[in-house]
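This report refers to the structure that appears directly beneath it.
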Amino acid sequence: MTERITHWIAGASHGQPAGRTGDVYDPAVGTVTGRVELADAALVNTAVAVATKAASTWRLSSLSRRAKLMFAFRELLAARKEELAAIITAEHGKVLSDALGEVTRGLEVVEFACGIPHLMKGGYSAGVSAGGVDVFSIRQPLGVVGIISPFNFPAMVPMWFFPLAIAAGNAVLLKPSEKNPSASVWLAQLLSEAGLPDGVFNVVHGDKVAVDSILQHPGIAAISFVGSTTIARYVYAEGTRTGKRVQALGGAKNHMVVLPDADLDLAADAAVNAGFGSAGERCMAISALIAVEPIADELVNRIASRMASIKVGDGRRGCDMGPLVTRTHRDKVAAYVHDGVAEGATLVVDGRNISDIDGDDGGFWLKPTLFDHVTTDMQLYTDELFGPVLSVVRADSYDDALALVNANPYGNGTAIFTNDGGAARRFQDEVQVGMVGINVPIPVPMAYYSFGGWKASLFGDTHAHGADGVQFFTRGKVVTSRWLDPSHGGLNLGFPEHG
Ligand code: NAD
């Protein structure tokens, strides 16, 4: 039996029986478990019309009401997060503990959004001019905003955006990844249970047709996109061309630099966790490890010995790492492993040997893979693999390592492992990357800071959540008022000077 996964519009599931559908898999089993409806332009129009109407009244709701809604949503989500984690694991494949971690990081943004009355405060300057002239600034919602999200965090990435968008008084149209769409519908139901008025949060499933309809729609004021760099660049160009505010977060190739004075056990643990957690399908995964000599041999040994204990299998069975998201993606990453050998890299651990998987034979399996002596001209290094493949590149000095990181077209996350505070401080200053870890491999900022990369990892000026998120989902207005003295010196056609 396959489940039909429908859109969510106006506070209810919204079927489109005659339309196209896409297959949704259980990646640990390899079978189709759902068919997701794929929206056409007419369906996007319907959703935007509903959201526009809802936004016109939601923006008038009090800050207290919006804050209370977020608190209620937070309580429901915290109480039922295991349900959501199970849905994520069933369609994404990541292990349950990792799925729970994803929900927790999303919850942090909900908690941040509970403070919306404080976050939307403006400034006030009393008496800027004689006669009781005051100036103050306010922030107002944009209207209807679109969120387009990737497969790898089906709950957390939407939650980077919609709590703040809603709390700021906007209505939302979420277009989740068609590979794992069920988490978003579950979140929509929970928002309704928390008391969100119908139409403020809508889910439209789909592929390029839906995305293009969102990009073209004049009723959508802003778009938060997360996905691969090619699509991020396209969404940014098209969205801004049609006059929208756009933040488009793209792909990554995150480097971890290990200096010779680092704690090598700490670095080896970190490399394994950040390289193979979630099967490497994280935008903050470490995929290139720059070992600054003379420690490379020793570090590679320690990483390889740890990899032997990683249990790969069905995410519901207490394993450390699950399958890849689709068969196509698994085959693509496995092909990189094949080509890496052909290109001359040293294959230290070959993850294509899957004889001891704790899961169904039909699952999309690829075990952790380690390459040494990778050079910067190899595809292993130049491409974002988005799989459990860690490449060790050897460098002769801190300067060489830094130059490698800075020459990379991506700039999402990076990390340095060292016991030298001066070197760490130089790195945090000199590296051209948006999120930096010092003895921390995956430096994902807390919700009250903003998440975002540089260069080809983000198009637009604002990062996700934190102060940037509030800024993105609101626009400023400055009011100059005069109440005490209605006279302003009579007729004067000159530009007014404040006295
Ligand atoms: P993707 O680019 O294939 O898809 C992202 C979204 O775009 C999906 O909703 C998808 O339906 C839509 N889409 C796909 N092809 C399209 C097209 N031709 N035209 C219009 N829309 C299209 O990305 P993915 O495979 O779902 O996710 C993995 C990618 O996301 C990786 O590159 C990863 O680094 C990146 N990512 C980045 C961040 C970040 O914060 N920078 C976070 C998570 C994931």
Side-chain angles (χ1 to χ4, degrees), residues 20 22 24 27 36-39 41 44 91-94 102 105-106 109 146-161 173-181 183-184 203-216 223-239 246-254 278-287 324-326 328-330 332-333 383-387 408-414 433-435 442-445 450-460 462-466 468-469:
R20 292 182 303 129
V24 177
V36 61
E37 299 190 345
L38 303 175
V44 171
E91 291 185 357
H92 177 286
K94 64 176 76 175
E102 160 173 3
R105 297 312 301 259
V109 184
I147 300 169
I148 301 166
S149 57
F151 83 83
N152 68 320
F153 285 106
M156 182 189 76
V157 166
M159 279 194 277
W160 278 354
F161 305 108
L173 194 151
L174 167 64
K175 206 300 287 172
S177 170
E178 64 277 35
K179 293 191 178 86
N180 40 27
S184 54
V203 179
V204 168
H205 300 294
D207 52 14
K208 180 171 169 56
V209 174
V211 172
D212 284 344
S213 307
I214 291 169
L215 289 170
Q216 300 306 325
I223 294 178
S224 297
F225 171 90
V226 181
S228 57
T229 286
T230 309
I231 312 296
R233 194 180 270 122
Y234 167 75
V235 166
Y236 186 76
E238 274 302 293
V246 182
Q247 52 179 186
L249 285 70
K253 189 81 189 176
N254 304 311
S278 198
E281 293 171 327
R282 289 180 182 143
C283 65
M284 291 293 271
I286 293 294
S287 58
L324 273 75
V325 69
T326 58
T328 311
H329 186 53
R330 190 272 318 275
K332 185 176 157 200
V333 181
D383 294 8
E384 181 187 34
L385 275 50
F386 224 55
N408 199 273
Y410 297 106
N412 211 39
T414 189
V433 172
M435 294 171 283
I442 303 193
V444 175
S450 298
F451 181 108
W454 287 13
K455 301 191 277 185
S457 294
L458 189 143
F459 303 94
T462 45
H463 292 190
H465 60 69
D468 276 22

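One-based numbering, in listed order, for ligands and for the atoms of each.
Between the CG atom of N152 and the NZ atom of K179 there is a distance of 10.0 Å, given to the nearest 0.5 Å. Residue F451 holds its CZ atom at 4.0 Å from SG of C283, rounded to the nearest 0.5 Å. W160 contributes atom CH2, which lies 12.0 Å from atom CD1 of I147 (distance to the nearest 0.5 angstrom). Rounded to the nearest 0.5 angstrom, M159 CE and S184 OG are separated by 11.0 Å. Rounded to the nearest 0.5 Å, atoms OG (S224) and NE2 (H463) are 12.5 Å apart. Taking NZ from K175 and CG from D207, the interatomic distance works out to 7.0 Å, rounded to the nearest 0.5 Å.
In terms of protein heavy atoms, atom 27 (O) of ligand 1 is closest to P150 CB, 3.2 Å. Scanning the protein for heavy atoms near atom 28 (C) of ligand 1, the closest one is F386 CE2, 3.6 Å. In terms of protein heavy-atom proximity, atom 36 (N) of ligand 1 is nearest to C283 CB, 3.6 Å. Ranking the protein heavy atoms by distance from atom 40 (O) of ligand 1 puts F451 CE2, 3.0 Å first. The protein non-hydrogen atom at the shortest distance from atom 19 (N) of ligand 1 is K208 CG, 3.4 Å. Residue, atom and distance of the protein heavy atom nearest to atom 24 (P) of ligand 1 are F151 CD2, 3.6 Å. When only non-hydrogen protein atoms are considered, atom 37 (C) of ligand 1 lies nearest to G250 O, 3.0 Å. Scanning the protein heavy atoms around atom 3 (O) of ligand 1, the nearest turns out to be S228 OG, 4.1 Å.
Using a 4.5 Å heavy-atom cutoff, the side chains of E281 and F386 are in contact. Side chains of L215 and I223 form a contact here, defined as non-hydrogen atoms less than 4.5 Å apart. In this structure, the side chains of L458 and Q247 stay at 4.5 Å or more apart for every pair of heavy atoms. With a 4.5 Å cut-off on side-chain heavy atoms, K455 and P409 do not count as touching. For the pair P176/S149, a side-chain contact is recorded, criterion being any heavy-atom separation below 4.5 Å from C-beta on. With contacts defined as side-chain heavy-atom distances shorter than 4.5 Å, the pair T462/S450 does not qualify.
Residue contact check for ligand 1: Y410 places no non-hydrogen atom closer than 4.0 Å to it. Residue-ligand proximity: G453 is placed with every non-hydrogen atom at 4.0 Å or more from ligand 1.
Looking at ligand 1, you won't find any N or O of F225 less than 3.5 Å from one of its N or O atoms. Distances between N or O atoms of D207 and those of ligand 1 include no value under 3.5 Å. Residue S149 has at least one nitrogen or oxygen atom sitting less than 3.5 Å from a nitrogen or oxygen atom of ligand 1, judged on distance alone.
In this structure, of I231, L174, N152, the residue bringing a heavy atom nearest to atom 16 (C) of ligand 1 is I231. Taking only non-hydrogen atoms, the option from M284, E384, K175 nearest to atom 31 (C) of ligand 1 is E384. Here the shortest heavy-atom distance to atom 5 (C) of ligand 1, taken over V209, L385, V226, V325, belongs to V226. Around atom 20 (C) of ligand 1, the closest heavy atom drawn from V211, I148, D212 belongs to V211.
Close approach of ligand 1 to W160 is summarised as follows: ligand atoms under 4.0 Å from at least one heavy atom of the residue are 40 (O). Counting atoms of ligand 1 from 1 in the listed order, those under 4.0 Å from a heavy atom of E178 are 10 (C), 11 (O). Atoms of ligand 1 lying under 4.0 Å from any heavy atom of G251, numbered from 1 in the order shown and given with element: 32 (O), 34 (O).
The proximity of E281 to ligand 1, defined as any non-hydrogen pair under 4.0 Å, does not occur for either the backbone or the side chain. Residue-level proximity to ligand 1 for A464 is absent, since no heavy atom of it falls below 4.0 angstrom. Neither the backbone nor the side chain of T229 comes within 4.0 Å of ligand 1, counting heavy atoms alone.
Protein non-hydrogen atoms do reach within 4.0 Å of atom 7 (O) of ligand 1.
Atom NZ of K332 sits in a sparse spot, with 12 or fewer heavy atoms from other residues, nucleotides or ligands closer than 6.0 Å.
Nearest heavy-atom pair, N412 versus A252, reported as atom, atom and distance to 0.1 Å: CB-CB, 3.6 Å.
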